[in-house]
Amino acid sequence: MLRTHTCGELSADDLNADVALCGWVDTYRDHGGGLFIDLRDRFGLTQVVFGPDTAEGVMQLARKLRAETVVRIEGRVARRPEGNENLKLPTGAIEIRASTMEILNQSLTPPFQLDATEETGDLAGEDLRLKYRYLDLRRPIMQQTMLLRHRMIKLMRDYFDEHDFIDVETPVLGRSTPEGARDYLVPSRVHPGSFYALPQSPQLYKQILMVAGYDRYVQVARCFRDEDLRADRQPEFTQLDVEMSFVTADDVIGMIDGLVAKLAKEILDLDVPLPLPRMTYDEAMERYGHDAPDLRFEMEIVDVTPWAGKTDFRVFQSVATSGGRVRGINAKGASDRYSRKGIDELTEYVIQDFGAKGLAWFKVEASGNLASPIAKNFQAEELAEVASAFAAQPGDLLLLVADSFEVSSRALSGLRVRLGRELELYKPGQMHFSWVVEFPMFAFDEAENSWAAMHHPFTAPRTQDIEQLQTDPGACRAIAYDLVINGSEAGGGTIRIHDQALQQQVFELLGVDEKMAADRFGFLLEALQYGAPPHGGIALGIDRWVMLFSGLENIRDCIAFPKTQRASDLMTAAPGDVDSRQLEELGIKIRR
RNA sequence: GGGGCCGUAGCUCAAUUGGUUAGAGUACCGGACUGUCGAUCCGGUGGUUGCGGGUUCGAGUCCCGUCGGCCUCGCCA
């Protein structure tokens, strides 16, 4: 080793030790006669002093130091003079009196300053940081996040190891499947015109492993989906993939409950009571308008459709009597927080983003009266009735959407999340874990005029719903469960179909005919006939877990080398052109 | 595919209603300084206002297009 210690470990216990440190020059402070540098490595900062005792040659070299120069320093650990300790640094009681110094490597002047932070408002733009990701990753906050990620994955692996899971790797080059997200395709050279697909998840392989008798499988698996990106969505992401044999949904959920509690304790020092709360999908949609509700705060949706149907207010009445819903939320005490202009913004929001036709609102005055431009359309007793439905108190702001169940759900859920944030209805660092269960098996795809699997086509229906597969697919509920953290889907899984006939039946319903099923999933259907055990599992979004556990607001900050919103890597400039010879070998012609 | 925000010095930002020579902090370069820790002080370099076009006597500012980044709806089993 070129060093005896890291830059984070020396303290007053090491006084007078002769040490060698290596690292990057974080900052330098040249006082003429004396010169200080903060030497940085992954482990911390240590102050190095060059003074009157320093040899002239070393002093001259030290004056050349600039940010990010890589040096090796030998010296003696000394206590800092009384009153000059730096309480902000773990190493702040001591400093290194440098005797020799070697410049291991120079650095160009960095294109942005690494000591900038989000807090001081001078942090370089994200595009620049992504282009020079190796510099960005030197910043302490980034290193802390990568370390946290490492610790979380280590805890996950240890946890599943302790519970008899075995880690099995599955292929990245696989077969394109018809359902689900767009695939990333990889052309085959040996089979011109044929393509591999990168896995959207190792779903089929892990089921096959259950058939193979591996009983409990776990993998930290890279997954790929060629869909548009979001703040919490990357085209390439990492799942903690799990599958278990001879289990019920409760067994899988219980296993993950234990993992949640362990990580919350170890990472956040939080005691999470188990079992985690559960609610059904239908309940989540009714009460929160979303299948992954943020339960850090209340603000439940109130349905006043029957009331609306009785009123003479045309907008409400027509929706209520034609199968739609009139629902709303009560933003408690928020009446003063939203001016007419503020409410206009909320209105614009639900119209633009969720296709609502408008937003009705009432401000609850001190007298208890409801003030609103539409108030004149209602009888006094009607207003009193709706106020009571929302348990309205003076100062509250009621926001109502009249629309289909779907639109009102989306709009009110969006409003709820936005208000929760704007009104600070939860504290930074507050965490809420819960399950949403019993998802519908199928969603009707209007565009395709057919049923589509809500989760994936291998999901088992609840036993009591099997008969309805034929009669009323929309009413079938799946043995499915999503883990929700702070309003984010942090994982999802199902009990799988282990019966070939039932699987065949589901494929038929999804419009996957026998020939296509045999072609794409033949191996699975065949495997199910060779003694497949009942099995089920779950996949957790590791990037999102890291994001949520570290309180970060975007997933790119949790990934060492992420892609931009247009799925580019600004550092490597991927995706890029390829040699025409490569294309020829693959039998590919580019159409421009 | 749709909606929105943004792009000015290496970096972070400012620039009145469209008005004269586009500024500040920081970084960088030079100098001073023995206890700093966002060191301080003095001086200096640094600009095709993303790119292309248009309107105008005049465009960083207005319009159109385009490229890039971010947020979002759709999409994401």
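These numbers were taken from a predicted model, which means no experiment stands behind them. Lettering of chains follows the sequences in order, A, B, ..., and the numbering in each one begins at 1.
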Can you name the ring-ring contact (aromatic ring centres under 6.0 Å, His included) partners of A/Y349, sequence neighbours left out? A/F354
Partner of B/C70 by Watson-Crick or G-U wobble geometry, both contacts under 3.5 Å, or none? B/G4
Which parts of nucleotides 27-38 of chain B does protein reach within less than 4.0 Å, heavy atoms only, written one letter per nucleotide 5' to 3' as B for base, S for sugar-phosphate only and - for none? SSS---BBBBBS
A/R233 side chain: which of B/U72, B/C11, B/C76 is closest? B/C76
Enumerate, atom names and distances included, each donor-acceptor pair closer than 3.5 Å involving a side-chain atom of residues 90-100 of chain A, sequence neighbours excluded.
| unit_1 | atom_1 | unit_2 | atom_2 | d |
| --- | --- | --- | --- | --- |
| A/T91 | OG1 | A/L45 | O | 2.5 |
| A/E95 | OE1 | A/Q47 | NE2 | 3.1 |
| A/E95 | OE2 | A/R97 | NE | 3.2 |
| A/E95 | OE2 | A/R97 | NH2 | 3.0 |
| A/S99 | OG | A/E74 | O | 3.0 |

Whole-Å C1' distance, B/C5 and B/C37: 38 Å
For a quick check, tell me whether the side chain of A/D228 and the base of B/G74 share a donor-acceptor pair closer than 3.5 Å. yes
Would you sort out whether A/T280 and A/V436 count as a side chain to side chain contact (heavy atoms under 4.5 Å, CB included), showing the intermediate values? CA-CA 5 Å; A/T280 65; A/V436 173; over 6 Å; no
From CG of A/L123 over to C1' of B/C70, roughly how many Å is that when rounded to an integer? 14 Å
P atoms of B/C28 and B/G18, separation to the nearest Å: 39 Å
Think A/R230 has a side-chain N or O under 4.0 angstrom from the OP1 or OP2 of B/C73? yes
Give the nucleotide from the list B/C73, B/C70, B/G68 with an atom nearest to the side chain of A/R566. B/G68
Please measure how far the P atom in B/C76 lies from the corresponding atom in B/G69, and state the result in whole Å. 23 Å
Which value, in whole Å, describes the distance between the C1' atoms of nucleotides B/U61 and B/G25? 23 Å
Would A/F439 and A/Y481 count as a ring-ring contact (aromatic ring centres under 6.0 Å, His included) here? Give the steps. CA-CA 7 Å; A/F439 281 72; A/Y481 30 84; 9.2 Å; no
Would you indicate what A/S201 reaches in the nucleic acid, counting non-hydrogen atoms under 4.0 angstrom: base, sugar-phosphate, or nothing? base
Between B/U8 and B/G50 - P atom distance, rounded Å: 6 Å
Is any side-chain N or O of A/R225 under 3.5 Å from a base N or O of B/C76, one able to act as donor and the other as acceptor? no
Separation of the C1' atoms in B/U49 and B/A9, to the nearest angstrom: 10 Å
Side-chain heavy-atom pair A/L419, A/M299 within 4.5 angstrom cut-off: yes
Could you work out the separation of B/A22 and B/U16 based on their P atoms and round it to a whole Å? 14 Å
Please name the pair of heavy atoms, one in A/D136 and one in A/R129, separated by the smallest distance, quoted to 0.1 Å. OD1-NE, 3.0 Å
What integer number of Å spans the C1' atoms of B/G65 and B/G44? 41 Å
Suppose we define a pair by two distances each less than 3.5 Å, Watson-Crick or G-U wobble; what does B/U40 pair with here? B/A32
